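Notes follow once the structure below has been shown.
Since we're looking at a predicted model, the values are computed, not measured.
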Amino acid sequence: QLQASGGGLVQAGGSLRLSCTVSGLAFRHYTMGWFRQAPGKEREFLAAINRYDSSKEYADSVKGRFSISRNSAKNTVWLQMDSLIPEDMAVYYCAARSGFIATTRDEFKYWGQGTQVTVSS
């Protein structure tokens, strides 16, 4: 089970930190990712962090503004989001896969329930 939290309302230029706590999976063996879906749009890859070596991948749209991290002792992955803009408004999802780092939705097997991020201009 993946439980995402930390969403909310923030002004443009502000920051939020999303958390995703994992249970029922051997967290350290899983690559973790963050995605988002805005109304009427496809679910979009944002960031991923590899199992074992914690190498990272980012979508161009968030590179330099968002940062993904993980802590195996806490079974948790975070997404630090800075310099938020109205276009970042969406439901944010965490996801897990048992393989190495990936950047597409279909490669992730396990999904959290989503947390809403609203950015006011």
For the residue pair [X] and [Y], establish whether any side-chain heavy-atom pair is separated by less than 4.5 Å.
X: Ser98; Y: Lys109; result: no
X: Ser5; Y: Thr115; result: no
X: Trp78; Y: Leu18; result: no
X: Tyr92; Y: Leu79; result: yes
X: Ser54; Y: Arg70; result: yes
X: Arg43; Y: Tyr93; result: yes
X: Tyr110; Y: Val22; result: no

Mark yes or no for whether Asn50, through its side chain, and Ile101, through its backbone, hold a donor-acceptor pair below 3.5 Å. yes
If Ile, Leu, Val, Met, Phe, Trp and Tyr residues are connected whenever their side-chain heavy atoms lie under 4.5 Å apart, and connections chain through other members, are Ile49 and Phe27 in the same group? yes
Treat each ILVMFWY residue as a node, draw an edge where side-chain heavy atoms are under 4.5 Å apart, and state whether Val77 and Phe66 are in one component. yes
Modelled atom types, side-chain donor and acceptor of [X] and [Y], under 3.5 Å:
X: Thr104; Y: Asp106; result: no
X: Arg51; Y: Tyr30; result: no
X: Gln1; Y: Thr21; result: no

With sequence neighbours excluded, tell me which residues meet ring-ring contact (aromatic ring centres under 6.0 Å, His included) with Phe45. Phe35
